[in-house]
Protein chains: 2
Amino acid sequence: MTDINFSRGPTSPDSQGATSPAPRLGELRWDIIELLFFAYRDFVGDADHELEAFGFGRAHHRVMHFVYRYPGLKVADLLDVLRITKQSLGRVLKQLLDEGYIIQKTGNNDRRQRLLYATPKGEALVAKLAGLQTDRITRALRDINPEGVAAIGQFLRAMIDRDDPDKVLEAIFGTGSKKPRE
Amino acid sequence: MTDINFSRGPTSPDSQGATSPAPRLGELRWDIIELLFFAYRDFVGDADHELEAFGFGRAHHRVMHFVYRYPGLKVADLLDVLRITKQSLGRVLKQLLDEGYIIQKTGNNDRRQRLLYATPKGEALVAKLAGLQTDRITRALRDINPEGVAAIGQFLRAMIDRDDPDKVLEAIFGTGSKKPRE
DNA sequence: CAAGATATGTCAACATGACTGACATAAATT
DNA sequence: AATTTATGTCAGTCATGTTGACATATCTTG
């Protein structure tokens with residue numbers, strides 16, 4: 001076994017640390033910061049393992065997820081949501097199209113647009129991954145009462161930037177977004 | 001403006017979708033899944049912007065964070081926590097050492113070990129980034145009562161895998177970990 | 001003590017998923 | 001007819017992850 005001998009807190013030994021120059025070393029939410037790190041790591045880990053079997057990565061998952069959830073999403077919308085460049089999106093989207101997980105449909109009003117839809121094959125993949133993640137979430141919520149669950153939802157919503165919301169965020173928050181605080 | 005015309009839910013148009021082959025399309029926690037995605041994206045985004053000014057990336061942040069928080073962490077511990085290979089860690093660690101954000105100290109009991117400590121320069125960087133993230137967390141928790149805050153902590157803890165916990169997780173959960181469920 | 005295991009570091013090659021910049025096409029708008 | 005917009009694509013680069021091989025110092029064990 002490796003020894004469990006490290007103590008907690010900033011107690012550097014000889015790191016020239018007698019000057020203590022750091023600002024606000026109390027009142028920081030180290031607890032939540034680290035819990036978010038580990039929780040998210042394991043949360044996405046569920047899907048990562050499954051994706052390997054398909055030869056896909058996280059990028060493919062994100063695309064599939066939002067295309068399935070918001071059918072008819074335009075390429076431009078997807079770029080807003082994922083916050084990546086069209087070159088980056090292009091690669092994974094091309095694979096998903098070629099392998100039949102997503103189909104494109106020319107827009108009715110604007111024939112330049114390519115509206116995206118998940119195929120049954122794509123739906124099955126998304127559902128499988130969401131199932132794994134839902135299992136984890138359900139387990140985590142099991143011993144929490146409805147008020148607690150509501151607080152969790154409120155917290156997560158409040159962690160999200162709402163200036164310049166993309167289409168998906170507008171859907172989540174109910175179009176009349178753009179209300180930061182106060 | 002781009003039109004806000006996409007409807008919700010899996011209502012594919014002609015994606016050969018009359019067969020509906022997907023398993024369990026109800027009862028999935030799409031809400032929490034998406035909230036976690038956006039919340040984490042914006043949460044790490046705070047630090048990302050600041051890191052650019054230092055010429056660092058997320059990898060550097062993670063290393064700095066855990067070295068500061070758990071002084072005397074060994075290289076092997078860090079590998080466990082971050083779940084990356086020593087070659088990956090080696091690159092960012094070397095930069096942080098060379099630029100004076102971290103120092104190494106030979107282990108007392110075992111002189112093969114290199115115990116890691118943040119320098120004052122490193123502490124300042126970590127504190128700055130944690131400050132940004134704490135601001136977001138504090139804002140998000142502002143209108144939530146103590147019971148709600150407790151529920152949030154409980155939820156995040158329960159989202160984390162506890163089989164084979166690393167040193168940091170043992171510290172967070174209080175060594176007697178290894179209790180999965182029931 | 002000699003042999004083997006362990007902790008760390010490093011070289012080289014490669015994959016993924018980001019990025020920038022440039023350019024092409026089709027369709028809508030002016 | 002000219003311009004703008006939505007999309008696609010080529011080419012190169014960067015950050016960060018991976019494997020595999022190997023070197024060195026130090027600890028542990030027979």
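Chain identifiers are assigned alphabetically (A, B, ...) following the order of the sequence lines, protein sequences preceding nucleic acid strands; residue numbering begins at 1 within each chain.
In this structure, B:F56 atom CZ and D:dT16 atom P are separated by 10 Å, rounded to whole Å. We find that CD1 of A:I84 is positioned 5 Å from P of C:dA18, with the value rounded to whole Å. Taking atom CG of A:N109 as the reference point, atom P of C:dA26 lies 21 Å away to the nearest angstrom. Counting to the nearest Å, the C1' atom of D:dG17 and the CG atom of B:L89 are 12 Å from each other. The CZ-C1' distance, from B:R111 to D:dT28, rounds to 16 Å in whole Å. Straight-line distance from the CG atom of B:L79 to the C1' atom of D:dT18: 14 Å, rounded to whole Å. The nearest whole Å value for the distance from the NE2 atom in B:H61 to the P atom in D:dT16 is 13 Å. The CG atom of A:L73 sits 14 Å away from the C1' atom of D:dT7 (whole-angstrom rounding).
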inquiry  = Pair A:D98, A:K94 - check salt bridge (charged side-chain N to carboxylate O under 4.0 Å, His left out), show working.
reply    = CA-CA 6 Å; A:D98 289 350; A:K94 193 169 192 315; 3.3 Å; yes
ask   = B:R83 and A:D42: salt bridge (charged side-chain N to carboxylate O under 4.0 Å, His left out), yes or no, with the steps?
value = CA-CA 11 Å; B:R83 294 198 188 158; A:D42 292 343; 3.5 Å; yes
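Considering only side-chain N and O atoms, B:T85 lies nowhere under 4.0 angstrom from the phosphate OP1 or OP2 of D:dG17.
For a distance-only test at 3.5 Å, the side chain of B:R112 fails to qualify as a donor-acceptor partner of the base of C:dT8. With hydrogens and angles ignored, no donor-acceptor pair closer than 3.5 Å exists between the side chain of A:R62 and the base of C:dG17.
Summary of the strand contacts: A:G55 and A:R83 both lie near DNA chain C, and taking for each the nucleotide with the nearest heavy atom, the more 5' one is attributed to A:G55.
At a cut-off of 3.5 Å, with distance as the only test, no side-chain donor of B:E50 or B:H61 sits close to an acceptor on the other residue.
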So which protein nitrogen or oxygen atoms get under 3.5 Å of nucleotides 9-12 of chain C's nitrogens or oxygens?
residue, atom, partner, partner atom, Å
C:dG9, OP1, B:Q104, NE2, 2.7
C:dG9, N7, B:K86, NZ, 3.3
C:dG9, O6, B:K86, NZ, 2.3

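For the pair A:R136 and A:F43, the NZ or CZ position fails the cation-pi test of under 6.0 Å to the six-membered ring centre and within 45 degrees of the ring normal. Judged by the 6.0 Å and 45° rule, A:R62 forms no cation-pi pair with B:F37.
In this structure, A:R91 reaches the bases: a heavy-atom distance under 4.0 Å links it to at least one base atom across the strands shown.
Partners of B:F56 according to the ring pair (Phe, Tyr, Trp, His ring centres under 6.0 Å) rule, which considers only residues two or more places apart in sequence or in another chain, are B:H60, B:Y101.
Looking at the side chain of A:H60, the nearest of the listed nucleotides D:dA6, D:dT19, C:dG17 is C:dG17. Considering only side-chain atoms of A:S88, the nucleotide from D:dT26, C:dA18, D:dT16 that sits closest is C:dA18.
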Which pairs would a plain distance check flag for residues 143-154 of chain B, meaning a side-chain donor or acceptor within less than 3.5 Å of a matching protein atom at least two apart in sequence or in another chain?
residue, atom, partner, partner atom, Å
B:N145, OD1, B:E147, N, 3.2
B:N145, OD1, B:G148, N, 2.7

